[in-house]
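Notes to accompany the following structure.
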Amino acid sequence: MIEVVSNVLDVDLTDDERLYYGLLLHIRPTIFRLRYEKRYNNEMHDYIKNEYKQTYRVLWIISVLFDEYYGIQVSSNEISLITLYIQSALERREQQLKSVFVSQEGMAFNQLMIEKIKQYCSMISEITVISSHDFNIHDYKDVQVIITTIDLDVDDERIIKVSPFLNEGSLRDLRKKIREIGKNRIEYSVFDRICHAFFEPDLIFTQLDVDNKEQAIEILCNQLVRKGYVTQNYYDTVIDREKTISTSIGNKVAIPHGDQNQINEGKVVIATLKKPIEWSEEDEVDVIFLLAVRMKTGFEVKKTQLFYKQYIKLVETDSSVDILRKFSSSIDLYRYLIR
């Protein structure tokens with residue numbers, strides 16, 4: 001599991017003993033719960049899914065491993081718990097950022113602000129307090145983050161203005177902005193050539209008009225059956241999985257998938273919908289990636305990992321998904337994916 005996540009994220013977590021032994025202790029009762037249908041209600045699920053969106057999405061690939069090695073389907077609650085272990089490991093490896101805090105307040109106030117920031121933002125290793133009267137942007141070229149409670153009248157992407165009253169919400173916003181500044185983001189503009197075999201114009205539907213999730217999945221699965229890529233049973237396995245775990249991953253995107261034993265050849269069916277449909281009690285969806293991927297051989301594992309790695313970037317933000325929504329031609333969307 002750690003090796004797969006490391007490959008997808010391009011971050012080597014295989015030497016993290018805290019992660020290894022933490023997961024080892026966690027996975028054993030997880031398998032027991034899933035095998036004997038002892039459902040675990042994780043009240044933090046929605047928070048984890050939204051706060052650690054990218055890591056949560058990466059963990060979807062783990063569901064294939066549970067199928068392959070244990071013959072069980074992992075739930076979204078269990079995925080969100082595993083997400084916390086991976087996220088903690090990632091934060092331990094994050095680059096520590098040097099920062100300054102620009103303020104016009106007194107020493108006591110500044111000290112309180114600094115302690116709050118350092119406690120909540122693990123990427124901040126050092127904070128130097130600068131009086132607003134003494135601050136000159138040219139003196140801090142080696143600083144990665146500039147936090148301030150006042151307007152500095154300087155256009156610099158390192159500057160983050162915060163409220164003097166750092167409540168939990170504003171601290172979360174601050175942490176998110178700091179990560180955006182310091183994180184080595186995975187940048188991919190195209191799918192690797194090895195992944196191009198997943199896509200075909202005949203497996204892409206644009207502006208598909210459907211009324212519900214089952215109808216959408218049936219249309220996409222039937223296309224795979226007609227092309228000989230999956231068996232007649234694949235649709236049932238996709239629907240069975242949806243009963244166990246919603247495959248909505250945010251930004252109105254869903255990635256339904258079924259039993260890889262029913263797959264003859266790995267393919268991805270894509271549909272953008274004419275109107276959003278209800279996917280779960282919490283989410284609507286208007287972009288669907290039906291994944292029929294196999295991980296039976298080393299080559300299939302490599303190809304699937306590369307797909308996930310680049311797929312995460314493709315649907316990372318609302319604006320990136322909007323690009324997919326705007327295509328009216330399956331040919332044009334196909335060309336965009338393999339450009």
Side-chain angles (χ1 to χ4, degrees), residues 9-13 47-58 86-190 250-251 309-310 312-324 326:
L9 287 175
D10 270 342
V11 178
D12 186 6
L13 301 176
Y47 171 81
I48 295 169
K49 179 180 177 180
N50 294 319
E51 182 71 10
Y52 308 116
K53 185 180 295 184
Q54 187 185 47
T55 307
Y56 179 83
R57 291 176 175 182
V58 170
I86 302 299
Q87 185 64 36
S88 297
L90 291 173
E91 292 191 6
R92 284 195 293 272
R93 297 184 68 90
E94 282 180 336
Q95 176 187 2
Q96 296 296 296
L97 302 177
K98 186 178 179 182
S99 67
V100 296
F101 180 68
V102 183
S103 170
Q104 58 185 11
E105 304 295 336
M107 185 181 298
F109 172 85
N110 294 336
Q111 189 62 42
L112 176 62
M113 293 286 283
I114 287 174
E115 292 304 320
K116 279 187 175 183
I117 292 169
K118 290 175 69 174
Q119 183 178 9
Y120 212 84
C121 304
S122 60
M123 293 180 72
I124 298 295
S125 62
E126 176 186 343
I127 305 179
T128 303
V129 177
I130 306 295
S131 166
S132 57
H133 301 293
D134 298 330
F135 177 75
N136 186 326
I137 192 73
H138 302 294
D139 296 334
Y140 299 96
K141 293 180 179 179
D142 62 335
V143 169
Q144 289 88 26
V145 180
I146 300 170
I147 305 171
T148 177
T149 58
I150 60 176
D151 289 322
L152 296 179
D153 296 324
V154 178
D155 185 16
D156 192 301
E157 62 183 9
R158 298 173 297 164
I159 296 175
I160 304 174
K161 186 181 177 183
V162 298
S163 166
F165 307 101
L166 277 179
N167 56 29
E168 186 172 346
S170 57
L171 281 168
R172 280 201 303 268
D173 290 340
L174 174 62
R175 181 171 61 186
K176 181 179 179 181
K177 291 175 182 176
I178 289 174
R179 282 177 177 162
E180 288 173 355
I181 291 174
K183 186 171 148 185
N184 293 322
R185 300 171 68 85
I186 305 172
E187 294 292 341
Y188 295 98
S189 58
V190 296
N251 298 342
K309 183 186 298 184
Q310 295 156 359
I312 288 166
K313 180 64 180 176
L314 187 71
V315 298
E316 184 175 20
T317 64
D318 285 329
S319 58
S320 61
V321 180
D322 279 341
I323 295 174
L324 306 179
K326 291 177 181 177

Check your understanding: Asp156: what forms a salt bridge (Lys or Arg N to Asp or Glu O under 4.0 Å) with it, not counting sequence neighbours?
Key -> Arg158
Revision key, fill the gap. Taken in chain and number order and not counting sequence neighbours, the residues that satisfy salt bridge (Lys or Arg N to Asp or Glu O under 4.0 Å) with Glu51 are Arg175
Review point. For the atom pair CE (Met107) and CD (Gln111), what is the distance rounded to the nearest 0.5 Å?
Key: 8.5 Å
Review point. When rounded to the nearest 0.5 angstrom, what is the spacing between CD1 in Ile160 and NZ in Lys177?
Key: 7.0 Å
Which heavy-atom pair separates [X] from [Y] by the least distance, and what is that distance?
X      : Y      : answer
Thr317 : Ser320 : O-OG, 2.8 Å
Val154 : Ile159 : O-CD1, 3.6 Å
Ser99  : Val143 : CA-CG1, 3.7 Å

Check your understanding: Can a salt bridge be assigned to the pair Lys313 and Glu316 using a cut-off of 4.0 Å between side-chain N and carboxylate O?
Key -> yes
Exercise for review: Could you check Asp173 against Ser170 for side chain to side chain donor-acceptor pair (under 3.5 Å), going step by step and ending with a plain yes or no?
Suggested key: CA-CA 5 Å; Asp173 290 340; Ser170 57; over 6 Å; no
Practice item. Only counting residues at least two apart or in another chain, list the ones meeting ring pair (Phe, Tyr, Trp, His ring centres under 6.0 Å) with Tyr52. Key: none
Exercise for review: Output all residues satisfying ring pair (Phe, Tyr, Trp, His ring centres under 6.0 Å) with Phe101, sequence neighbours left out; order by chain, then residue number.
Suggested key: none
**Study point:** Pairwise side-chain contact, Leu174 with Lys116, heavy-atom cut-off 4.5 Å (strictly under)
**Key:** no
Check your understanding: Just wondering, do Ile117 and Ile127 contact through their side chains at under 4.5 Å, heavy atoms?
Key -> yes
Residue list, side-chain hydrogen bond (donor to acceptor under 3.5 Å, both in side chains) with [X], at least two apart or on another chain:
X      : result
Ser132 : none
Asp153 : none
Asp322 : Arg325

Listing, residues 145-152 side-chain donor-acceptor contacts under 3.5 Å, not counting sequence neighbours, or none:
{"unit_1": "Thr148", "atom_1": "OG1", "unit_2": "Val102", "atom_2": "O", "d": "3.3"}
{"unit_1": "Thr148", "atom_1": "OG1", "unit_2": "Ile150", "atom_2": "N", "d": "3.0"}
{"unit_1": "Thr148", "atom_1": "OG1", "unit_2": "Ile150", "atom_2": "O", "d": "3.1"}
{"unit_1": "Asp151", "atom_1": "OD1", "unit_2": "Lys161", "atom_2": "NZ", "d": "2.9"}

For [X], all residues meeting side-chain contact (heavy atoms from CB on, under 4.5 Å), sequence neighbours excluded:
X      : value
Ser131 : His133, Asp134
Thr128 : Val100, Glu126, Ile130
Asn136 : His138, Asp139
Glu105 : Ser103, Phe109, Asn110

Exercise for review: Could you walk me through whether Asn251 and Lys53 pass side-chain contact (heavy atoms from CB on, under 4.5 Å), step by step?
Suggested key: CA-CA 10 Å; Asn251 298 342; Lys53 185 180 295 184; 3.4 Å; yes
